[in-house]
There are 2 protein chains.
Amino acid sequence: MSNAQAVKRSASKAEGDERHEAIYRAVSDAIVEQRLKPGARLREDALADVFGISRTGIRKILQRLALEQLVTLTPRRGASVTRPTADEAKDVFDARQLIECGLMPDVARRMGEKEAAELRDMAKRERQALRNGEQSVAIRLSADFHVRIAQLSGNATLAAFVESLCSRSSLILAVYGHPGHLGCESHDHDDLIGYLEAGNGERASAFMSRHLKAIEASLSMVEEEESAPDLHQIFGG
Amino acid sequence: MSNAQAVKRSASKAEGDERHEAIYRAVSDAIVEQRLKPGARLREDALADVFGISRTGIRKILQRLALEQLVTLTPRRGASVTRPTADEAKDVFDARQLIECGLMPDVARRMGEKEAAELRDMAKRERQALRNGEQSVAIRLSADFHVRIAQLSGNATLAAFVESLCSRSSLILAVYGHPGHLGCESHDHDDLIGYLEAGNGERASAFMSRHLKAIEASLSMVEEEESAPDLHQIFGG
DNA sequence: GCTTGTTTTATTGTATACATTGAGCCATCC
DNA sequence: GGATGGCTCAATGTATACAATAAAACAAGC
């Protein structure tokens with residue numbers, strides 16, 4: 001609520017583009033922070049009311065979210081928060097393995113004191129959020145951490161891919177993760193910074209690989225049955 | 001022309017979604033085939049007229065193309081075909097190195113006779129197009145080849161990334177490539193199929209790496225000067 | 001003659017009205 | 001009594017009208 005109102009208020013002076021960007025982030029963050037859970041419907045009228053713009057702008061934002069696979073747009077049914085399938089989850093984590101690990105050498109090479117300090121600060125804030133029981137915040141900070149590291153590689157294109165993958169990972173954790181158990185172990189991130197700061201791309205890559213494997217292994221990959229059991233399948237139609 | 005009219009005609013019966021998809025592909029193909037050159041303006045009215053739908057639908061399509069970095073949307077100025085910078089070009093080819101090469105082992109593992117035959121057919125058609133002087137068609141077939149291989153890895157997410165990267169590569173070739181010289185050597189693709197069919201992911205990966213490096217090396221990475229030279233810079237403002 | 005300020009025009013940004021369609025509900029028929 | 005058909009409602013898809021703005025053409029002054 002306060003989030004939406006803040007956006008609405010600041011919108012009066014801001015230009016249209018910034019307003020749209022702010023609304024986009026507000027919705028995106030709500031999804032990544034799992035305050036909007038997979039399957040939740042996102043009606044255009046409702047969003048338009050909340051943010052004080054017309055449906056036209058909302059549709060633009062929903063489309064953008066749909067292209068990032070954060071929301072699913074079913075024709076004539078509208079938008080809902082994407083519920084990733086088990087296959088998609090595997091694809092996403094395989095992709096993260098390939099890209100994030102492959103980026104480590106470049107990151108290690110470009111790592112300076114300033115960057116290391118920034119990452120340590122992010123890791124610290126993440127731990128604090130965890131201690132304070134702010135699960136939503138911690139989830140987002142964890143994703144931000146991975147994205148920031150990818151950005152440090154200097155390759156904006158791959159960083160954008162990682163950003164998309166991290167957002168989707170949050171959705172995957174919401175569906176297949178155990179409640180209360182976050183994906184990333186908190187000390188993992190600090191260890192990773194150490195390897196990167198030492199310029200050891202190889203070790204950082206191997207560590208990142210284990211880190212991602214650990215997250216994936218913590219998931220319980222059971223496809224949820226449909227709310228209304230499919231009688232055709234049961235009775236062998 | 002005939003392309004647009006074909007879309008327009010088939011649209012009368014097709015559902016709205018399919019029509020949009022067809023128009024999207026028509027524009028996307030025109031860009032990838034370099035019939036629409038970087039910098040070309042894409043006015044909403046004009047596109048709406050050509051394809052027989054309102055600006056609303058066109059804007060949706062332009063947004064999608066913008067998110068794939070094929071068109072650039074400047075506020076109040078409208079859409080134009082993206083003119084990649086040298087930095088972006090480097091990012092794209094580095095990303096292709098990482099992803100496409102990393103995918104080769106998986107592709108080699110899943111490669112069957114059927115898949116190999118399909119790829120050989122694509123490579124053959126590409127050579128034919130080259131012989132017939134159909135440069136636009138050859139460019140697209142070459143991109144399609146790389147995308148199809150990525151799809152054979154079984155990872156839809158990474159395949160989508162590769163698709164985006166290949167489209168952007170076509171734009172890069174249009175700006176920095178030498179006219180008449182296509183990116184991919186024609187026999188390269190056949191060689192690659194051989195390694196993949198033999199299940200030799202390592203060699204395929206190494207070959208793909210050289211293949212991509214060769215394309216990148218063939219570019220002349222000179223940033224075009226602005227049409228109106230910047231007097232401030234020249235006279236040290 | 002070149003620069004600068006103004007008007008005009010062309011193009012995008014936004015909202016709203018209308019059409020379309022899927023879902024839920026109710027009545028009727030079997 | 002249950003199921004099917006039609007009806008109503010709610011939500012999205014599409015187009016168009018209006019507003020805002022940047023580029024361009026033009027005119028006036030230096």
Side-chain angles (χ1 to χ4, degrees), chain A residues 7-8 10-24 27 36 39-67 70-82 226-228 230-232 235 237, chain B residues 7-8 10-24 27 36 39-67 70-82 226-232 234-235 237:
Chain A
V7 169
K8 205 169 184 175
S10 75
S12 49
K13 282 183 189 174
E15 295 191 3
D17 292 331
E18 297 180 18
R19 180 157 77 194
H20 277 59
E21 185 68 22
I23 297 173
Y24 163 79
V27 178
L36 281 172
R41 287 194 64 185
L42 301 171
R43 288 194 304 109
E44 296 180 354
D45 286 348
L47 289 172
D49 281 347
V50 168
F51 291 110
I53 63 172
S54 83
R55 280 177 47 216
T56 308
I58 294 295
R59 290 177 67 87
K60 198 153 85 174
I61 290 163
L62 287 177
Q63 265 180 8
R64 184 169 161 194
L65 290 165
L67 284 180
L70 289 187
V71 315
T72 300
L73 246 46
T74 43
R76 325 273 172 198
R77 288 294 314 268
S80 60
V81 179
T82 298
E226 298 173 15
S227 54
D230 189 350
L231 299 176
H232 298 287
F235 296 108
Chain B
V7 169
K8 204 169 184 176
S10 75
S12 48
K13 283 183 186 173
E15 294 190 4
D17 292 331
E18 297 181 17
R19 180 156 77 193
H20 277 59
E21 185 68 22
I23 297 173
Y24 163 78
V27 179
L36 280 172
R41 286 194 62 184
L42 301 171
R43 288 194 303 110
E44 296 179 354
D45 285 350
L47 289 172
D49 280 348
V50 168
F51 292 110
I53 63 172
S54 84
R55 280 177 47 215
T56 308
I58 295 295
R59 291 177 65 88
K60 197 153 86 174
I61 290 164
L62 287 176
Q63 260 183 5
R64 184 168 159 194
L65 290 166
L67 284 181
L70 290 186
V71 314
T72 301
L73 246 45
T74 43
R76 324 274 173 196
R77 287 292 316 268
S80 59
V81 179
T82 298
E226 298 174 14
S227 55
D230 189 349
L231 299 175
H232 299 287
I234 291 175
F235 296 108

Strictly under 3.5 Å: I want the nitrogen or oxygen pairs between protein and nucleotides 20-22 of chain C, one per line.
none

Would you kindly give the [atom1]-to-[atom2] distance between [X] and [N], to the nearest whole Å?
| X | N | atom1 | atom2 | value |
| --- | --- | --- | --- | --- |
| B/Arg43 | D/dA22 | CZ | C1' | 15 Å |
| A/Leu42 | D/dA10 | CG | P | 20 Å |
| A/Glu44 | D/dG13 | CD | C1' | 9 Å |
| B/Leu73 | C/dG13 | CG | P | 7 Å |
| B/Phe51 | D/dA15 | CZ | P | 14 Å |
| B/Arg41 | C/dA10 | CZ | C1' | 9 Å |
| A/Ile58 | C/dT14 | CD1 | C1' | 13 Å |
| B/Arg55 | C/dT14 | CZ | P | 11 Å |

_Could you go through B/Leu47 and B/Ile61, starting from their C-alpha distance and side-chain angles, then the distance that decides it, and tell me whether this counts as side-chain contact (heavy atoms from CB on, under 4.5 Å)?_
CA-CA 10 Å; B/Leu47 289 172; B/Ile61 290 164; over 6 Å; no
*For A/Gly57 and for B/Asp45, locate the closest nucleotide of DNA chain C by heavy-atom distance; then report the residue assigned to the nucleotide nearer the 5' terminus.*
B/Asp45
*Rounded distance (nearest 0.5 Å) linking atom CZ of B/Arg77 with atom OG1 of B/Thr72*: 12.0 Å
_Ignoring hydrogens, what is the shortest heavy-atom contact between B/Leu62 and B/Glu44? Give both atom names and the distance._
CD1-CG, 4.0 Å
*asked:* Restricting to non-hydrogen atoms, name the atom on B/Gly39 and the atom on B/Ser80 that form the minimum distance, rounded to 0.1 Å.
replied: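 Distance-wise, the nearest heavy atoms are O-CB, 4.0 Å.
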*Out of C/dA15, C/dG13, D/dA15, which nucleotide sits closest to the side chain of A/Ile53?*
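Nearest nucleotide to the side chain: C/dA15.
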*Taking the side chain of A/Ser54 as heavy atoms from C-beta outward, which of D/dA15, C/dT14, C/dA15 is closest to it?*
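Nearest to the side-chain atoms of A/Ser54, counting from C-beta on, is C/dA15.
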_Close side-chain approach of A/Leu65 to A/Leu42, heavy-atom, < 4.5 Å_ = no
_B/Gln63 side chain reached by A/Arg64 side chain, heavy atoms, under 4.5 Å_ =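 Sidechains of B/Gln63 and A/Arg64: no contact.
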*Respond yes when some side-chain nitrogen or oxygen of B/Lys60 is under 4.0 Å from OP1 or OP2 of D/dG13, and no when none is.*
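For D/dG13, OP1/OP2 do not have a side-chain N/O of B/Lys60 under 4.0 Å.
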*Can any side-chain N or O of A/Arg43 pair as donor or acceptor with the backbone N or O of A/Gly78 at less than 3.5 Å?*
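No; zero donor-acceptor contacts below 3.5 Å.
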